[in-house]
Chemist: 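The structure is given below, and queries will be raised subsequently.
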Amino acid sequence: IQGVAISSTSQHVVCCGTSRAVTLWDINTSQTLRSFTGHTQKVDCISISAEGSIVVSGSFDKTVAVWDTRSSDRTPLQVLQDAQDGITSVHLGDSDIVAGSLDGSIRTYDLRMGRMTADALGQPVVSVRPVPGSQGDLLVGCMDSTVQILDHVEAKVSDTLTGHTCTQYRIQCDTNGLQVASGSEDGYVYVWDIAKTRKPGDYRNRLQGHSGVVNTVAFHPGAADDTNKQHSLLSAASDGTVI
C-alpha cells in the first residue's frame, strides 16, 4: 500500500499501491465497492472528494487519473499527462486538482476553467498539501531537504523551512494553518511555526520516538476549528510504528 485516503463523511476509504489498481472500500461493511485499473506502474498517491464520488490518483507512470466511483465503468474519467516524471502527491479540492511530481513542478488543474498552471520549483516534489485559511497557498515538501510554502496567487515561494532531512525517500509534510510538521530520514518529526521570522535550519520542535525513517505526518483534521486539537499530530515510520 502506497497511499490511503478517507472521505470526510467517513463512509469510504480508498487505497493504492504496487498492484497499479485503485480500490474503494465501504468503511462500515469492510467490503470492496470498486477496483479501478488503468495505471501502468505503481500508484503512489491518492485523494478522494468529501462525499466520496470522485477519486484522483497519481502514478509513477507520470499520469494523474480521475475516477468516478458511482460509475460502473472501471476506466478513468480523465487522464492528465503533463508531468515529465512520476507523480508523488495529489490533492483534490472543491474545484481543482493539485499534483506534485519528481520532475520538480506542481501542476494545478482548474476543473471549472479547464486549464492547467505549473509552478517549477527546481527540486523533486514529494508532498503537496493546501494551507488551511490561506488564499490557495500550498505546503510543498522537496527532496533538497526543504519544505516550502508556495503563494499560489503570486506564484512564488513565500517561506522555506529547513532542518529535517529528505534526500532519498518520499517524506510527507502537513499543516494545520498555524504549524507545519514534516517527517525526516533521521527518525525525528520536525515542527515549525508559520509566519515566524527564523534563521535557516531553525525549527520550533524536534520530536523523537521512532527508530526509522519517518515517512509521513498528519495533524488532527479538526485542528483548524478546535484549539484543543491544534497540537494533535500522528506520525508513521519505517520501523512499523505509529505515534
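Just so you know, residue 1 is the first one in the sequence shown, and it goes up from there.
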Chemist: Under the criterion side chain to side chain contact (heavy atoms under 4.5 Å, CB included), I'd like the reasoning laid out for Ser71 against Leu77: C-alpha separation, chi angles, the key distance, then a yes or no.
Modeler: CA-CA 9 Å; Ser71 173; Leu77 188 66; over 6 Å; no
Chemist: Do Asp61 and Thr63 meet the criterion of a side-chain donor-acceptor pair at a distance under 3.5 Å?
Modeler: yes
Chemist: Can you see which heavy atom on Ser145 is nearest to which on Thr167, and at what distance?
Modeler: OG-CG2, 3.5 Å
Chemist: Is Asp26 reaching over with its side chain to a backbone N or O of Leu33, donor-acceptor style, under 3.5 angstrom?
Modeler: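 Not confirmed, Asp26 side chain does not pair with Leu33 backbone.
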Chemist: Closest heavy-atom contact between Leu24 and His12?
Modeler: CD1-CB, 3.8 Å
Chemist: Can you name the closest pair of heavy atoms from Val98 and Leu138 and give their distance?
Modeler: CG1-CD1, 3.9 Å
Chemist: Tell me whether Val66 is reachable from Ile46 by hopping between hydrophobic residues (I, L, V, M, F, W, Y) whose side-chain heavy atoms are closer than 4.5 Å.
Modeler: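 The answer is no; the residues belong to distinct hydrophobic clusters.
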Chemist: Mind listing the closest non-hydrogen atom pair of Cys142 and Gln148 along with its distance?
Modeler: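 Heavy-atom minimum between the residues: SG-NE2, 3.9 Å.
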Chemist: Would the distance check show the side chain of Ser89 and the main-chain N or O of Val128 forming a donor-acceptor pair, the cut-off being under 3.5 Å?
Modeler: yes
Chemist: Considering residues, nucleotides and ligands other than Gln208, do more than 12 of their heavy atoms fall under 6.0 Å from its CD?
Modeler: no
Chemist: Nearest 0.5 angstrom please: Lys62 NZ to Gln84 CD, how far?
Modeler: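 That separation rounds to 6.5 Å.
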Chemist: Looking at Ile6, Ile48, Val4, which hits side-chain contact (heavy atoms from CB on, under 4.5 Å) with Val14?
Modeler: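 With Val14 as partner, Ile6, Ile48, Val4 yield a single side-chain contact (heavy atoms from CB on, under 4.5 Å), made by Ile48.
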Chemist: Looking at CD1 of Ile27 and OG1 of Thr9, how far apart are the two atoms once the value is rounded to the nearest 0.5 Å?
Modeler: 7.5 Å
Chemist: Which pair of non-hydrogen atoms, one from Leu150 and one from Val157, has the smallest distance, and what is that distance?
Modeler: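 Taking Leu150 first and Val157 second, the nearest heavy atoms are CD1-N, 4.0 Å.
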Chemist: So which atom in Val131 and which in Leu139 form the shortest heavy-atom distance, rounded to 0.1 Å?
Modeler: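 In this case the closest contact between Val131 and Leu139 is CG2-N, 3.9 Å.
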Chemist: Step by step, work out the side chain to side chain contact (heavy atoms under 4.5 Å, CB included) result for Asp193 and Gln179.
Modeler: CA-CA 5 Å; Asp193 290 318; Gln179 304 166 90; 3.9 Å; yes
Chemist: Should Thr175 and Pro132 count as side-chain neighbours, where that means a heavy-atom distance under 4.5 Å?
Modeler: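 Yes; the side chains approach each other to less than 4.5 Å.
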Chemist: Between Tyr109 and Val56, is there a shared hydrophobic cluster once you connect ILVMFWY residues whose side-chain heavy atoms come closer than 4.5 Å?
Modeler: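 Both belong to a single hydrophobic cluster.
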Chemist: Is it the case that the side chain of Asp174 and the backbone of Phe219 share a donor-acceptor pair, with hydrogens and angles ignored and the cut-off at 3.5 Å?
Modeler: yes
Chemist: Would a distance-only check, ignoring hydrogens and angles, find a side-chain to backbone donor-acceptor pair under 3.5 Å from Arg34 to Thr32?
Modeler: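 Not at all, since once roles are kept as given, no pair shorter than 3.5 Å links the two residues.
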Chemist: So, do Arg170 and Cys45 sit near enough that their side-chain heavy atoms are less than 4.5 Å apart?
Modeler: yes
Chemist: Would you please say whether a donor-acceptor pair under 3.5 Å links the side chains of Asp44 and Gln2?
Modeler: yes
Chemist: Looking at Arg112 and Asp110, is there a salt bridge between them, counting it only when a charged N and a carboxylate O are closer than 4.0 Å?
Modeler: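 Answer for the salt bridge query: no.
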Chemist: What about Val147 and Val140, same hydrophobic cluster or not, with Ile/Leu/Val/Met/Phe/Trp/Tyr joined at side-chain heavy-atom distances under 4.5 Å?
Modeler: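 In one cluster with Val147: Val140, no.
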Chemist: Before you tell me yes or no, could you show the steps for Ser59 and Ile87 under side chain to side chain contact (heavy atoms under 4.5 Å, CB included), namely the whole-Å CA-CA distance, both residues' side-chain angles and the distance that decides it to 0.1 Å?
Modeler: CA-CA 5 Å; Ser59 170; Ile87 306 297; 5.8 Å; no
Chemist: Name the residue from Tyr188, Tyr203, Trp192 that meets the ring pair (Phe, Tyr, Trp, His ring centres under 6.0 Å) definition with His164.
Modeler: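 It is Trp192, the one option of Tyr188, Tyr203, Trp192 that forms the ring pair (Phe, Tyr, Trp, His ring centres under 6.0 Å) with His164.
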Chemist: Working to the nearest 0.5 angstrom, can you tell me the gap between Leu233 CG and Ile243 CD1?
Modeler: 10.0 Å
Chemist: Do Ser235 and His210 get their side chains close enough for a donor-acceptor pair, meaning under 3.5 Å?
Modeler: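 Judged by distance alone, the side chains do pair up.
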Chemist: Does the pair Asp73 and Asp68 meet the rule for a side chain to side chain contact (heavy atoms under 4.5 Å, CB included), with working shown?
Modeler: CA-CA 8 Å; Asp73 191 347; Asp68 183 350; over 6 Å; no
Chemist: Report, as yes or no, whether the 6.0 Å neighbourhood of atom CG on Asn28 holds more than 12 heavy atoms from other residues, nucleotides or ligands.
Modeler: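 Yes - once you tally the heavy atoms of other residues, nucleotides and ligands closer than 6.0 Å, there are more than 12.
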Chemist: Is there a donor-acceptor pair under 3.5 Å between the side chain of Glu185 and the backbone N or O of Gln168?
Modeler: yes
Chemist: If you round to the nearest 0.5 Å, how far is CG of Asp103 from CG of Leu121?
Modeler: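 These two atoms lie 10.0 Å from each other.
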Chemist: Quick check for you: to the nearest 0.5 Å, what is the distance between His231 atom NE2 and Asn205 atom CG?
Modeler: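 So the NE2 of His231 and the CG of Asn205 are separated by 10.5 Å.
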Chemist: Measure from the side-chain N and O atoms of Ser101 to the backbone N and O of Gly86, and report whether any donor-acceptor pair falls under 3.5 Å.
Modeler: yes
Chemist: For residues Asn215 and Ser238, determine if any side-chain heavy atom of one lies less than 4.5 Å from a side-chain heavy atom of the other.
Modeler: yes
Chemist: Looking at Gln172 and Val126, would you say the former's side chain and the latter's main chain have a donor-acceptor pair under 3.5 Å?
Modeler: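 Indeed, once roles are kept as given, a pair shorter than 3.5 Å links the two residues.
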Chemist: Got a donor-acceptor contact below 3.5 angstrom from the Arg129 side chain to the His91 backbone?
Modeler: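 Between the backbone of His91 and the side chain of Arg129 there is no qualifying donor-acceptor contact (under 3.5 Å).
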Chemist: Check the side chains of Asp239 and Ser211 for a donor-acceptor pair under 3.5 angstrom, ignoring hydrogens and angles.
Modeler: yes
Chemist: Starting at SG of Cys16, measure out to NE2 of His39 and round the result to the nearest 0.5 Å.
Modeler: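 One finds 8.0 Å between SG of Cys16 and NE2 of His39.
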Chemist: Going hydrophobic residue to hydrophobic residue with side-chain gaps under 4.5 angstrom, can you get from Phe60 over to Val64?
Modeler: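 Per the 4.5 Å side-chain linkage, Phe60 and Val64 are not co-clustered.
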Chemist: Would a distance-only check, ignoring hydrogens and angles, find a side-chain to backbone donor-acceptor pair under 3.5 Å from Thr216 to Ala236?
Modeler: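 It does not hold such a pair.
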Chemist: Are any side-chain N or O atoms of Gln78 and backbone N or O atoms of Pro76, one a donor and one an acceptor, separated by less than 3.5 Å?
Modeler: no
Chemist: Does Leu92 belong to the same Ile/Leu/Val/Met/Phe/Trp/Tyr cluster as Leu80, with side-chain heavy atoms less than 4.5 Å apart forming each link?
Modeler: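 Leu92 clusters together with Leu80.
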